Amino acid sequence: MEKVKLKIKRFDGKQEKIDEFEIEYNERTTVIEALIHIQSEIDPTLSFRVQCRAAICGTCGMVINGEYKLGCRTKIKDVAQNGEIMLEPMKNMKVIKDLVVDHFEFLNKLKNVKAWFVPKEPFEKVYPEDLKKFEKETDCILCGLCYGVCPAFEADKLFGGPINYVKTYRFWKDKNDALGDERIVLAKEDHITSCVHCKSCSIVCPKEIPVEQDITQIEFYGKQKGIIKQDTSQFGFGFGFNDFGNF
Ligand code: SF4
Ligand code: SF4
Ligand code: FES
């Protein structure tokens with residue numbers, strides 16, 4: 001068994017501090033297991049979120065050595081640097097206590113883009129190739145990692161955030177969704193064009209959803225259709241309409 005020092009950014013509602021805990025770990029120990037050990041054996045006041053421990057529920061997002069990750073999917077052996085790991089709460093959300101942040105902000109914003117299926121009449125038969133168009137986006141577990149890492153909020157507080165546009169994409173690509181291009185209008189009103197295309201959302205997504213690519217596709221289509229105002233300064237990528245396949 002090796003030892004690691006976990007440095008954890010704490011917040012009790014009034015003050016911030018860094019606490020350090022030294023624990024033993026093995027090949028399989030995850031960050032969440034280390035936190036559970038600290039909470040049950042060393043400091044019962046330590047707060048963090050955990051449910052499934054299998055990268056399904058999306059509740060254990062945090063910043064691990066500066067990177068946005070799920071604690072339950074991150075092994076200590078893979079992230080320890082010089083025998084230490086720094087754990088911090090995600091940004092762009094209010095910290096409730098220690099590593100627990102308030103998910104309400106991004107969950108409530110989902111209403112802005114009507115992030116739910118609106119059935120079309122008559123319903124068309126669905127084939128496997130139809131589902132493939134939004135297969136990755138369906139996997140979103142609402143973990144908030146992309147929302148926390150996103151720099152666009154610094155310049156635009158009204159920016160809806162990457163999760164909203166993943167949902168836009170998922171339903172926009174569904175031939176049985178009744179909203180169609182109204183979804184692009186909603187995304188525009190939700191400030192999708194404030195995305196700076198840094199790709200951080202795609203990099204951190206534990207489900208490998210191509211978030212930034214989806215945003216680019218929505219924006220490009222919106223501009224082609226005249227829904228979103230053309231702004232040549234924002235798009236210098238040199239791609240063509242057909243690069244995105246069939247809309
Ligand atoms: S690509 Fe856009 S949405 Fe994604 S993190 Fe960067 S600014 Fe935010
Ligand atoms: S898009 Fe990825 S990173 Fe963002 S909330 Fe969904 S699963 Fe998490
Ligand atoms: S505990 Fe459910 S995703 Fe980590």
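Note that the coordinates shown come from a computational prediction; the quantities given were computed from them, not determined experimentally. In this chain, residues are counted from 1 in sequence order. Indexing begins at 1, ligand by ligand and atom by atom, following the structure's order.
Here the shortest heavy-atom pairing between Lys109 and Phe159 reads NZ-O, 2.8 Å. Residue Cys60 comes nearest to Ile32 through the heavy atom pair CB-CD1, 3.8 Å, listed as atom of the first residue, atom of the second, then distance. Taking each heavy atom of Pro89 and Leu99 in turn, the nearest pair found is N-CD2, 3.7 Å.
Within the 4.0 Å heavy-atom criterion, neither part of Val149 lies near ligand 1. Residue Asp139 does not touch ligand 2, judged by heavy-atom distances below 4.0 Å.
For ligand 1, the atoms closer than 4.0 angstrom to any heavy atom of Val196 are 2 (Fe), 7 (S). Interface atoms of ligand 1 facing Glu212, defined by a heavy-atom separation under 4.0 Å, are 1 (S). Residue Cys150 has at least one heavy-atom neighbour below 4.0 Å for each of these atoms of ligand 1: 3 (S), 5 (S), 7 (S), 8 (Fe). If you number the atoms of ligand 1 from 1 as listed, the ones under 4.0 Å from a heavy atom of Cys198 come out as 1 (S), 5 (S), 6 (Fe), 7 (S). Close approach to Ile163 involves these atoms of ligand 2, each under 4.0 Å from a residue heavy atom: 5 (S). Atoms of ligand 2 lying under 4.0 Å from any heavy atom of Ile141, numbered from 1 in the order shown and given with element: 6 (Fe), 7 (S). Proximity to Pro206 (heavy-atom distance under 4.0 Å) selects the following atoms of ligand 2: 3 (S).
Residue contacts with ligand 2 leave out Pro162, since none of its heavy atoms falls under 4.0 Å from the ligand. For the pair Ile215 and ligand 1, a heavy-atom separation below 4.0 Å is found.
Asp156 places a side-chain N or O within donor-acceptor distance of the main-chain N or O of Leu158, the cut-off being under 3.5 Å. Asn164 places no side-chain N or O within donor-acceptor distance of the main-chain N or O of Gly161, the cut-off being under 3.5 Å. When atom types are taken as modelled, the side chain of Tyr165 and the backbone of Gly160 share a donor-acceptor pair closer than 3.5 angstrom.
Put simply, CG on Asp139 and CD on Glu208 are 9.5 Å apart, with the number rounded to the nearest 0.5 Å.
The closest protein non-hydrogen atom to atom 2 (Fe) of ligand 2 is Cys205 SG, 2.3 Å. The closest protein non-hydrogen atom to atom 6 (Fe) of ligand 2 is Cys140 SG, 2.4 Å. Of the protein's non-hydrogen atoms, the one nearest atom 8 (Fe) of ligand 2 is Cys143 SG, 2.3 Å. Among all protein heavy atoms, the one lying closest to atom 4 (Fe) of ligand 1 is Cys201 SG, 2.3 Å.
By the 4.0 Å N-to-carboxylate-O rule, Arg183 lies too far from Asp174 to be salt-bridged with it. Look at Lys132 and Glu135 and you find a salt bridge, because one of the NZ, NE, NH1 or NH2 atoms lies within 4.0 Å of a carboxylate O, short of that distance. Salt-bridge annotation for Glu20 and Lys5: present, with a side-chain N of the basic residue lying under 4.0 Å from a carboxylate O of the acidic one. With respect to Glu182 and Lys114, a salt bridge is recorded, a charged nitrogen being found less than 4.0 Å from a carboxylate O.
Annotation: side chain to side chain donor-acceptor pair (under 3.5 Å) contacts involving residues 74-96, sequence neighbours excluded, comprise Lys7-Glu84.
Of the residues listed (Val113, Asp181, Asp177), the one engaging Trp172 in a side chain to side chain contact (heavy atoms under 4.5 Å, CB included) is Asp181, and it is the only one.
Between atom 2 (Fe) of ligand 1 and Cys195 there is an N/O/S contact shorter than 2.8 Å.
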Candidate pair Glu219 and Lys188, rule salt bridge (charged side-chain N to carboxylate O under 4.0 Å, His left out), full reasoning: CA-CA 8 Å; Glu219 280 190 89; Lys188 185 195 93 173; over 6 Å; no

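Distances from atom 4 (Fe) of ligand 3 under 2.8 Å pick out these protein N/O/S atoms: Cys60 SG, Cys72 SG.
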